Amino acid sequence: MDIYSFKKETGKKVEKFQSDFIMSRITKTQKDVHIGCMHLEEHGVIGYHQDVVPQLLLVVEGEGMVKGEEKRVTPVSSGDAVYWEKGEWHETKTEAGLTAIVIESEELDVSALSTISKPHSG
């Protein structure tokens, strides 16, 4: 499990085409991708399970806790991105509620994200 950030502070200013915004890049892929939005209510949980493809969880609102195979609990909140590799066991929980975008694909490139921590690699 790796934790990254996609907060405004990690983005780059875009001014091309008379634009004025900040872009925090997340991923790119050449293969099929599934993108969904998960809404965890108060005391919500995504039970401990094994990924069938690499997965990127983008917390857009609220806060919670995630853990991977090492079972170390890591707090996450809005702007955090959690990456789990194919076959990795993991779980997400929240006390107050959490909304997240989930991106699943055989190929996820997270190199554009800013690293917060790397509690486990491989």
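Just so it is clear, the model here is predicted, and its values are computed rather than measured.
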Tell me, which pairs form a salt bridge (charged side-chain N to carboxylate O under 4.0 Å, His left out) where one or both residues lie in residues 99-114, sequence neighbours left out? Lys86-Glu106
Taking [X] for its side chain and [Y] for its backbone only, find out whether a donor-acceptor pair lies under 3.5 Å.
X: Thr99; Y: His39; value: no
X: Ser78; Y: Val60; value: yes
X: Glu69; Y: Trp89; value: yes

For [X] against [Y], the heavy-atom pair lying closest together:
X: Ala81; Y: Leu58; result: CB-CD2, 3.5 Å
X: Glu91; Y: Ile46; result: CG-O, 3.3 Å
X: Val82; Y: Met1; result: CG1-CG, 3.7 Å
X: Ala100; Y: Leu98; result: CB-CD2, 3.8 Å
X: Glu85; Y: Asp51; result: O-CB, 3.8 Å
X: Asp32; Y: Ser105; result: O-OG, 2.7 Å

Can you confirm whether more than 12 heavy atoms, excluding those of [X], are under 6.0 Å from its [atom1] atom?
X: Lys67; atom1: NZ; value: yes
X: His34; atom1: NE2; value: no
X: Lys12; atom1: NZ; value: no
X: Glu41; atom1: CD; value: no

If hydrophobic clusters are built by linking Ile, Leu, Val, Met, Phe, Trp and Tyr wherever their side-chain heavy atoms come under 4.5 Å apart, do [X] and [Y] end up in the same one?
X: Val33; Y: Leu56; result: yes
X: Ile35; Y: Leu108; result: yes
X: Val59; Y: Leu40; result: yes
X: Val110; Y: Phe6; result: yes

Per the side chain to side chain contact (heavy atoms under 4.5 Å, CB included) rule, which among Val102, Val66, Val76 passes with Thr92? Val66
Side chains of Leu57 and Met38: closer than 4.5 Å at any heavy-atom pair? yes
Set out, in order, the CA-CA distance, both residues' side-chain angles and the distance that settles side chain to side chain contact (heavy atoms under 4.5 Å, CB included) for Glu42 and Glu95, then state yes or no. CA-CA 5 Å; Glu42 197 173 298; Glu95 292 302 315; over 6 Å; no
For residues 62-86, the ring pair (Phe, Tyr, Trp, His ring centres under 6.0 Å) pairs (sequence neighbours left out) are Trp84-His90
